[in-house]
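Beneath this line is the structure, given in structure tokens, with notes to follow.
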There are 2 protein chains.
Amino acid sequence: MDDRKVLFEELGTIGLTTDEFENLIKGYQKITIKKGDLLIKSGTVVKGYYFVISGFLRSFIIDFEGNEVTTNFYGKDALILEGHSFFMQIPTKEDIQAVEDCELWVKKLETFNKDFNLYKEYRDWGRSRLASDFFSLKERTLSMITDKASSRYKKLIKNNPEIIKKASLKHIASFLGITDTSLSRIRKEIS
Amino acid sequence: MDDRKVLFEELGTIGLTTDEFENLIKGYQKITIKKGDLLIKSGTVVKGYYFVISGFLRSFIIDFEGNEVTTNFYGKDALILEGHSFFMQIPTKEDIQAVEDCELWVKKLETFNKDFNLYKEYRDWGRSRLASDFFSLKERTLSMITDKASSRYKKLIKNNPEIIKKASLKHIASFLGITDTSLSRIRKEIS
DNA sequence: GTATTTTCTTGTCTTATGACAAGAATAAGA
DNA sequence: TCTTATTCTTGTCATAAGACAAGAAAATAC
């Protein structure tokens, strides 16, 4: 029951009655994956969305030259929603990998659809989440355009210290759109 | 009635009955704006989403140094949805400006919410649109990371020739994340 | 249709970042 | 614990893109 706290914090405040909330919560299943394992494999259809209970993950794609490009990081309480694949039920191009051992809640498509159509509050919550993830991505894209690499790195230190602590230099570098060599030099420069 | 064709193509195929469709369509109002005018002003709360019937628009933000950075372009049939502001009803940071005289359909929040809760099909459509816009932005961000400026420009020529035709060099340049000087040289290089 | 403003091109020089490679440090495996 | 693999640092050199400035071309206004 303790683990439900994470969900409770997010979903317990959207305005559902206790019964509705309990019913909604039933649709979540707990899973664990080991460090290095893939939660989502590129080429497959994503079957659920996920809440991170504990652990740390990253998403990446393989670019045309065969290099891994890290597209995002997911720590405690993060929502992992690969909407394009999940909603349209088409294969995803991204892989999502556990950087540490992880515990997650899964919500599968069928129960998601059922609850989505059942509860207005859940719909509003989902819409907000999507809109705010969209907004974050916009900010990131803008930062790629207007900031130089060292500023992007400094922002990451300030806003996402967990990433700096848990992700490897190589993964952070490709997330920032630079080489690991450059990031190493930026680190030296800053310290 | 002719102008409804645009909407029809998008919304007429989502599985509503004729009556439901007619009712949905009623929620749209037609507006026009003149070249140079702002459809959405930064600092205000977005009151609707828009379908472009005719014309051409661009969205931009002002960065910390006071420069305009073009964030998107919208041609015929495009959906203009500033979700973060529209759904959360908070002020937006973006401006959206008519590059040419434009005609648009507006759907205001109240009718949107009514119809969203009324029709499952409309909900599914909205979710798909949001997910696919999200996906496009992801691709754009990835392109900023993995492609050099000339490749990004070539992709734009191939995938969005309308932008090349209608937008100014300066706006295209900031959209691609480069200076107008650089884009001018890339154009010379290519031709 | 001329004047004025805006947009685009081109030149020179600077700078941030990449490519490649070799060694150091750290982590993982046996 | 020792060995091997991985990650990180550092050096040298190459290159894409920016900064600044001046002129050409095009669009807009009067």
Side-chain angles (χ1 to χ4, degrees), chain A residues 34-37 55-56 58 60 62-70 73 97-101 140-157 163-191, chain B residues 34-37 55-56 58 60 62-70 73 97-101 140-157 163-191:
Chain A
K34 289 236 170 295
K35 174 174 178 175
D37 287 354
F56 192 72
R58 71 175 185 118
F60 65 91
I62 312 288
D63 77 6
F64 56 98
E65 280 175 332
N67 306 309
E68 281 184 10
V69 180
T70 297
F73 296 102
Q97 184 183 41
V99 174
E100 308 175 334
D101 291 355
R140 170 158 140 72
T141 311
L142 194 64
S143 178
M144 294 295 309
I145 289 175
T146 59
D147 302 333
K148 48 187 52 173
S150 59
S151 310
R152 298 203 295 277
Y153 182 63
K154 282 174 194 159
K155 280 188 183 175
L156 203 63
I157 293 176
I163 294 177
I164 308 294
K165 250 186 292 171
K166 296 192 169 175
S168 73
L169 177 138
K170 193 172 59 172
H171 295 157
I172 295 171
S174 76
F175 180 70
L176 293 174
I178 55 177
T179 57
D180 47 353
T181 312
S182 282
L183 181 52
S184 180
R185 290 196 171 109
I186 287 169
R187 280 189 168 172
K188 190 185 178 184
E189 185 73 20
I190 286 173
S191 65
Chain B
K34 291 234 169 294
K35 175 174 177 173
D37 287 354
F56 192 73
R58 72 175 185 115
F60 64 91
I62 313 287
D63 76 7
F64 56 99
E65 279 175 335
N67 306 308
E68 283 185 8
V69 180
T70 297
F73 296 103
Q97 185 184 40
V99 173
E100 308 174 336
D101 292 355
R140 171 159 140 71
T141 311
L142 194 64
S143 178
M144 295 295 308
I145 290 175
T146 59
D147 302 333
K148 47 188 51 174
S150 60
S151 310
R152 299 203 293 276
Y153 182 62
K154 283 175 193 160
K155 280 188 182 175
L156 204 61
I157 294 176
I163 294 176
I164 308 294
K165 253 187 291 176
K166 297 192 168 174
S168 72
L169 178 137
K170 194 173 59 173
H171 295 157
I172 296 171
S174 77
F175 180 70
L176 292 174
I178 55 177
T179 58
D180 46 355
T181 312
S182 282
L183 181 52
S184 181
R185 292 194 169 112
I186 287 169
R187 280 189 168 171
K188 191 185 178 186
E189 186 73 22
I190 285 175
S191 66

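Proteins get letters first, then strands, A, B, ... in listed order; numbering begins at 1 in each.
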Please give, in whole Å, the distance from C:dG18 C1' to A:Asn67 CG?
12 Å
At their closest point, which heavy atom of B:Gly177 faces which heavy atom of A:Ile145, and how far apart are they?
CA-CG2, 3.7 Å
Measure CD/A:Glu189 against P/C:dT15 and give the value in whole Å, please.
14 Å
Hey, does B:Ile190 have a side-chain heavy atom less than 4.5 Å from the side chain of B:Tyr153?
yes
Considering residues at least two apart in sequence or located in another chain, which fulfil the side-chain hydrogen bond (donor to acceptor under 3.5 Å, both in side chains) criterion with B:Glu68?
B:Arg58
Going by salt bridge (Lys or Arg N to Asp or Glu O under 4.0 Å), name the residues that satisfy it together with B:Lys155, two or more places apart in sequence or in a different chain.
B:Asp147
Applying side chain to side chain contact (heavy atoms under 4.5 Å, CB included), run through B:Ile172 and B:Thr70 and close with a yes or a no.
CA-CA 7 Å; B:Ile172 296 171; B:Thr70 297; over 6 Å; no
Please report the distance, rounded to the nearest Å, between CD1 in B:Ile164 and C1' in C:dT7.
16 Å
Do B:Ile178 and B:Ile186 come within less than 4.5 Å of each other through their side chains, counting heavy atoms only?
yes
Indicate, with a heavy-atom threshold strictly under 4.0 Å, whether B:Gly36 touches base, sugar-phosphate, or nothing.
nothing
Under a 3.5 Å distance rule, please check whether B:Asp101 uses its side chain to pair with a backbone N or O of B:Lys34 as donor and acceptor.
no
Taking all atoms of both residues into account, what is the closest heavy-atom pair of B:Leu183 and B:Leu169, and its distance?
CD2-O, 3.5 Å
Would you mind reading off the distance between A:Leu176 atom CG and C:dG18 atom C1', rounded to a whole angstrom?
15 Å
Quick one: is B:Thr179 getting a side-chain N or O under 4.0 Å of the D:dG18 phosphate, OP1 or OP2?
yes
Whole-Å distance between D:dA17 P and B:Lys148 NZ?
6 Å
Check every atom of D:dG18, C:dT17, C:dG18 against the side chain of B:Ile178 and return the nucleotide holding the closest atom.
D:dG18
Residues passing the salt bridge (Lys or Arg N to Asp or Glu O under 4.0 Å) test with B:Lys170, sequence neighbours excluded, are none
Expressed as a whole number of angstroms, how long is the span from B:Met144:CE to D:dA17:C1'?
12 Å
A:Phe73 side chain reached by A:His171 side chain, heavy atoms, under 4.5 Å:
yes
Just verifying a value: how many Å separate B:Asp63 CG and A:Leu142 CG, rounded to the nearest 0.5 Å?
7.5 Å
Students should find that the end-to-end axis angle of the helix from C:dG1-D:dC30 to C:dA30-D:dT1, with five pairs defining each axis and rounding to 10 degrees, is 60°
Assign a letter to each nucleotide of nucleotides 23-30 of chain C from its 5' end: B, base within under 4.0 Å of a protein heavy atom; S, sugar-phosphate only; -, no contact.
-----S--
Expected rows: protein N/O vs nucleotides 7-14 of chain D N/O, under 3.5 Å:
unit_1: D:dT7; atom_1: OP2; unit_2: A:Lys170; atom_2: NZ; d: 3.1
unit_1: D:dC8; atom_1: OP1; unit_2: A:Leu169; atom_2: N; d: 3.1
unit_1: D:dC8; atom_1: OP2; unit_2: A:Leu169; atom_2: N; d: 3.1
unit_1: D:dC8; atom_1: OP2; unit_2: A:Lys170; atom_2: N; d: 3.2
unit_1: D:dT9; atom_1: OP2; unit_2: A:Ser184; atom_2: OG; d: 2.9
unit_1: D:dT9; atom_1: O5'; unit_2: A:Ser184; atom_2: OG; d: 3.2
unit_1: D:dG11; atom_1: N7; unit_2: A:Arg185; atom_2: NH2; d: 2.4
unit_1: D:dG11; atom_1: O6; unit_2: A:Arg185; atom_2: NH2; d: 3.1
unit_1: D:dT12; atom_1: O4; unit_2: A:Arg185; atom_2: NH2; d: 3.3

